[in-house]
Amino acid sequence: MTTSITVLGSTGVIGTLTLEVLEGLSEQFHVFALTAGQNMELLAKQIIATRPEYVSVADEAARQRLLTLLPPRTPSVEIGIGTPGLVAAADLPADIVVSAVVGAVGLLPTWAAINRGATIALANKETLVAGGDLIMPEAAKRGAKIVPVDSEHSAIFQCLEARGTGENAVSRLLVTASGGPFRTWHAEELEKVTVADALRHPTWSMGRKITIDSATLMNKGLEVIEAHHLFDAPYDSIEVVVHPQSMIHSMVEFVDGSIVAQLGLPDMRLPIQYALTYPMRHPRNGKRLNFAELSTLTFEAPDFERFPALRLAYAAGRAGGYAPCVLNAANEVAVHAFLAGELPYRAIPKVVEETLQRHAIGHPQSMDDLVEMDVASRLMAQAILQEGRWRDWGSYP
Ligand SMILES: NC(=O)C1=CN([C@@H]2O[C@H](COP(=O)(O)OP(=O)(O)OC[C@H]3O[C@@H](n4cnc5c(N)ncnc54)[C@H](OP(=O)(O)O)[C@@H]3O)[C@@H](O)[C@H]2O)C=CC1
Ligand SMILES: CC(=O)[C@@H](O)[C@H](O)COP(=O)(O)O
Ligand SMILES: [Mn+2]
């Protein structure tokens with residue numbers, strides 16, 4: 001019997017790589033359901049190649065486009081739309097749900113998959129950032145295993161296997177960061193960043209939103225909160241280490257001072273495959289890290305002044321309650337505006353900070369509370385954008 005897989009966000013960078021990994025493991029896995037947003041050309045090809053029972057797309061217009069792209073003899077596939085379609089895909093009885101949509105749109109489908117006790121291969125960090133306090137206890141209650149796909153968390157997950165049997169063996173999680181494209185830029189140069197500059201990531205090829213998050217270091221902030229939830233680690237024990245070569249994907253320090261690191265070429269196929277085959281390791285072909293070719297590995301501390309998003313994320317994580325949900329929603333709005341050419345790079349963390357100051361009080365009691373706050377925070381961030389006060393903010397911080 002083969003393991004069934006649903007891929008939420010199959011047309012994205014992680015989704016596409018997941019299907020590539022599955023192709024290499026086709027004797028062990030089959031695709032159950034796929035979801036996409038607007039890229040119907042790619043989804044149509046994926047449907048023809050993998051024959052899912054169900055797919056979901058962003059809206060009715062996308063569904064109509066998809067129907068025109070499917071050849072007449074394609075075996076019938078049910079097509080859902082919007083958030084209900086995403087939730088329906090996650091609800092179907094696949095063994096593993098790969099959560100690879102971008103943003104808090106992943107909250108409800110990931111919640112649905114957890115509620116039925118599925119294994120989640122989690123790439124969609126925004127969901128855990130916004131809802132970790134509800135999601136982790138629910139996963140434990142339902143017996144739903146969450147296996148990280150994010151490279152740093154996959155690394156920590158792998159390093160933790162060296163923990164042995166001792167309790168409280170871990171002293172620090174060392175989350176590595178490339179530092180992004182502006183690691184060496186001066187504060188004045190950061191005033192003139194273009195969208196093209198910010199999309200030029202030094203080591204990884206990723207979707208647009210996460211690439212901008214890497215450029216502000218918000219990605220690392222989101223990852224600190226993600227690590228807090230995944231590994232039940234206090235914020236004081238999670239440290240960010242800038243490592244521009246992206247060969248060490250993260251490290252764990254144990255109480256005896258021993259540090260275990262996970263290394264590999266920057267290629268997401270490895271953490272994706274490990275999440276799918278865990279606890280087994282399956283052979284992979286392809287280029288390997290060659291230490292003789294690798295002349296230097298360097299490390300530095302993050303600069304919280306030039307990259308205030310990292311400071312904001314630590315603060316929101318420590319504050320807890322609604323704060324991480326607000327941080328994430330405001331960041332999504334600000335990044336979207338930056339990519340549309342409507343907001344300068346340097347104003348992204350300012351919009352997030354202003355939204356947090358106006359909005360982040362209390363604790364969610366339910367997923368409905370959280371979704372309500374996510375929507376309200378987006379409206380607040382949009383209002384802050386429309387006020388246009390960021391034009392007067394000048395340099396930030
Ligand atoms: N890329 C990477 O290397 C890594 C990514 N991650 C995380 O994985 C997630 C995905 O990242 P990545 O693959 O780079 O992102 P992409 O932008 O490449 O892909 C996003 C996917 O989500 C779909 N999507 C977007 N909006 C909606 C919506 N409203 N409704 C339904 N589907 C939607 C897109 O559909 P369509 O394109 O059809 O519109 C696409 O399939 C993010 O949370 C990111 O932080 C984590 C670690 C590494
Ligand atoms: C591949 C991956 O996991 C990304 O999250 C990556 O780590 C981004 O690079 P930064 O370290 O620049 O944020
Ligand atoms: Mn990462």
Side-chain angles (χ1 to χ4, degrees), residues 7-19 34-44 46 55-59 62 65-66 80-87 89 98-110 121-130 148-156 175-183 198 201-224 226-227 240-246 248-250 264-272 275 302 307 309-310 328 331-332 335-336 339:
V7 185
L8 309 177
S10 66
T11 48
V13 172
I14 295 292
T16 310
L17 290 175
T18 301
L19 293 183
L34 299 176
T35 82
Q38 295 291 348
N39 190 344
M40 295 305 105
E41 289 70 24
L42 182 53
L43 181 63
Q46 292 177 344
V55 300
S56 178
V57 300
D59 49 35
R65 261 195 342 272
L66 179 63
I81 57 170
T83 299
L86 270 171
V87 171
V98 180
S99 184
V101 289
V102 59
V105 70
L107 264 174
L108 289 175
T110 308
L122 187 77
N124 174 227
K125 64 191 85 182
E126 294 91 346
T127 281
L128 203 55
V129 167
V149 167
D150 206 344
S151 63
E152 296 77 3
H153 306 76
S154 173
I156 292 169
V175 179
T176 52
S178 75
F182 308 130
R183 181 177 61 86
H201 194 278
T203 49
W204 294 96
S205 176
M206 310 183 287
R208 284 158 68 85
K209 192 266 179 181
I210 183 176
T211 304
I212 302 307
D213 285 346
S214 288
T216 59
L217 259 60
M218 180 60 91
N219 184 48
K220 221 38 63 178
L222 300 179
E223 292 186 348
V224 166
E226 185 184 8
V240 172
V241 180
V242 175
H243 163 50
Q245 296 80 20
S246 300
I248 296 181
H249 299 304
S250 278
L265 292 170
D267 180 348
M268 283 304 293
R269 280 170 283 217
L270 195 158
I272 291 169
F307 300 102
L310 183 56
N328 177 68
N331 181 57
E332 286 191 34
V335 169
H336 187 268
L339 282 168

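From a predicted model like this one, the values you see are computed outputs, not experimental measurements. Counting starts at 1 for both ligands and their atoms, in listed order. Basis for what follows: all heavy atoms, side chains included, without hydrogens, waters or symmetry-related copies.
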J.: With side chains defined as the heavy atoms from C-beta onward, is the minimum distance between L122 and P148 less than 4.5 Å?
T.: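 No, side chains not in contact.
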
J.: What do you reckon, does A100 put a non-hydrogen atom under 4.0 Å from ligand 1?
T.: yes

J.: For R183, what residues pass the salt bridge (Lys or Arg N to Asp or Glu O under 4.0 Å) criterion, not counting sequence neighbours?
T.: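 For R183, the residues satisfying salt bridge (Lys or Arg N to Asp or Glu O under 4.0 Å) (neighbours in sequence not counted) are E300.
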
J.: If hydrogens are left out, which of G207, P271, A104 has an atom nearest to atom 14 (O) of ligand 1, that is, the closest non-hydrogen atom?
T.: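 Selected option, by shortest heavy-atom distance: G207.
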
J.: Any heavy-atom pair between the side chains of V149 and T18 that's under 4.5 Å?
T.: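 T18 vs V149: side chains apart.
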
J.: For the residue pair V57 and A62, what are the closest heavy atoms and their distance?
T.: CG2-CB, 3.9 Å

J.: Please round to the nearest 0.5 Å and tell me the distance separating atom OG of S151 and atom CD1 of I156.
T.: 9.5 Å

J.: Are any of the N/O atoms in Q38 less than 3.5 Å from those in ligand 1?
T.: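 Yes, since at least one N or O of Q38 sits under 3.5 Å from an N or O of ligand 1.
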
J.: In Å and rounded to the nearest 0.5 Å, what is the NE2 to NE2 distance from H153 to H249?
T.: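 Result: 13.5 Å between the selected atoms.
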
J.: Suppose we measure from atom 18 (O) of ligand 1 to each protein heavy atom; which comes out shortest, and what is that distance?
T.: V13 N, 2.9 Å

J.: Output yes when the distance from some N or O of ligand 1 to some N or O of A58 is under 3.5 Å, and no in every other case.
T.: no

J.: Name the closest protein heavy atom to atom 1 (N) of ligand 1, giving the residue it belongs to and the distance to 0.1 Å.
T.: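 Looking only at protein heavy atoms, the one closest to atom 1 (N) of ligand 1 is M206 CB, 3.4 Å.
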
J.: At a 4.0 Å cut-off, with the gap strictly under it, does some heavy atom of D150 reach an atom of ligand 1?
T.: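 Checking ligand 1 against D150, which is what was asked, there is a heavy-atom contact under 4.0 Å.
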
J.: Where's the contact between H243 and ligand 2, heavy-atom distance under 4.0 Å: side chain, backbone, both or neither?
T.: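 None of H243 does.
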
J.: Taking 4.0 Å as the limit for heavy-atom contacts, which would you say applies to M268 with ligand 2: side chain only, backbone only, both, or neither?
T.: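 Contact part for M268 vs ligand 2: side chain (C-beta onward).
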
J.: How far is atom 37 (O) of ligand 1 from its nearest protein heavy atom, and which residue and atom is that?
T.: T11 OG1, 3.5 Å

J.: Under a 4.0 Å heavy-atom limit, does K125 contact ligand 1 with its side chain, its backbone, both, or neither?
T.: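 It is both backbone and side chain that touch ligand 1.
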
J.: Can you tell if the side chain of M206 reaches within under 4.5 Å of the side chain of M268, non-hydrogen atoms only?
T.: no

J.: How about NE2 on H336, more than 12 heavy atoms from neighbouring residues, nucleotides or ligands closer than 6.0 Å, or not?
T.: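 Incorrect, the count does not exceed 12.
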
J.: Out of L128, V101, L43, indicate the one that has the non-hydrogen atom closest to atom 42 (C) of ligand 1.
T.: V101

J.: What distance do L310 atom CG and N219 atom CG have between them, rounded to the nearest 0.5 Å?
T.: 10.5 Å

J.: Decide yes or no for L34 and L19: does some side-chain heavy atom of the first lie under 4.5 Å from some side-chain heavy atom of the second?
T.: yes

J.: Select one of side chain, backbone, both or neither to describe which atoms of T203 lie under 4.0 Å from any atom of ligand 2, heavy atoms only.
T.: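 Looking at T203 and ligand 2, no heavy atom falls under 4.0 Å.
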
J.: To check your reading of the model: name the closest protein heavy atom to atom 44 (C) of ligand 1, its residue, and the distance in Å.
T.: I210 CD1, 3.9 Å

J.: Tell me the protein heavy atom at minimum distance from atom 35 (O) of ligand 1, and give that distance in Å.
T.: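 Protein heavy atom with the smallest distance to atom 35 (O) of ligand 1: G37 N, 2.9 Å.
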
J.: Taking the non-hydrogen atoms of H201, is any one of them nearer than 4.0 angstrom to ligand 2?
T.: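 The answer is yes, since H201 has a heavy atom less than 4.0 Å from ligand 2.
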
J.: From the options I14, D59, T83, select the one whose nearest heavy atom is closest to atom 2 (C) of ligand 1.
T.: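 Closest candidate by heavy-atom distance is I14.
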
J.: Protein N/O/S atoms under 2.8 Å from the Mn ion (ligand 3): how many?
T.: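 That number is 3, waters not included.
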
J.: Quick test of your reading of the structure: of L122, L8, V102, N39, whose heavy atom lies closest to atom 25 (C) of ligand 1?
T.: V102

J.: Who's the nearest protein heavy-atom neighbour of atom 31 (C) of ligand 1, and how far?
T.: A36 O, 3.8 Å

J.: Does the side chain of N328 come under 3.5 Å of the side chain of K125 through a donor N or O and an acceptor N or O?
T.: no

J.: To the nearest 0.5 Å, what is the distance between OG1 on T16 and CD1 on I272?
T.: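 Rounded to the nearest 0.5 Å, the OG1-CD1 separation comes to 9.0 Å.
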
J.: Quick check on contacts: which atoms of ligand 2 are under 4.0 angstrom from a heavy atom of D150?
T.: 2 (C), 3 (O), 5 (O)

J.: Let me confirm one number: the CD1-CG distance from I210 to D150, rounded to the nearest 0.5 Å.
T.: 6.0 Å

J.: Which heavy atom of the protein is the closest neighbour of atom 27 (C) of ligand 1, given with residue, atom name and distance?
T.: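 Ranked first by proximity to atom 27 (C) of ligand 1 is V105 CG1, 4.4 Å.
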
J.: Let me confirm one number: the OG1-CD distance from T176 to Q245, rounded to the nearest 0.5 Å.
T.: 10.5 Å

J.: May I ask whether D213 places a heavy atom under 4.0 Å from ligand 2?
T.: no

J.: Just distances here: any N/O of T176 and N/O of ligand 2 closer than 3.5 Å?
T.: no

J.: Around atom 19 (O) of ligand 1, find the nearest protein heavy atom and jot down its residue, atom name and distance.
T.: G12 CA, 3.1 Å

J.: Evaluate side chain to side chain contact (heavy atoms under 4.5 Å, CB included) for R208 paired with V335, printing each intermediate quantity in order.
T.: CA-CA 9 Å; R208 284 158 68 85; V335 169; over 6 Å; no

J.: Whether the side chain of T127 engages the backbone of A104 through a donor-acceptor N/O pair (distance < 3.5 Å, no angle test) should be reported.
T.: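 Here the side-chain-to-backbone pair does not exist.
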
J.: Tell me whether ligand 1 is touched by E126 - counting only heavy atoms on the residue side and a distance under 4.0 Å.
T.: yes

J.: Are the side chains of V129 and E223 in contact, using a 4.5 Å heavy-atom criterion?
T.: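 Not touching, per the 4.5 Å side-chain cut-off.
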
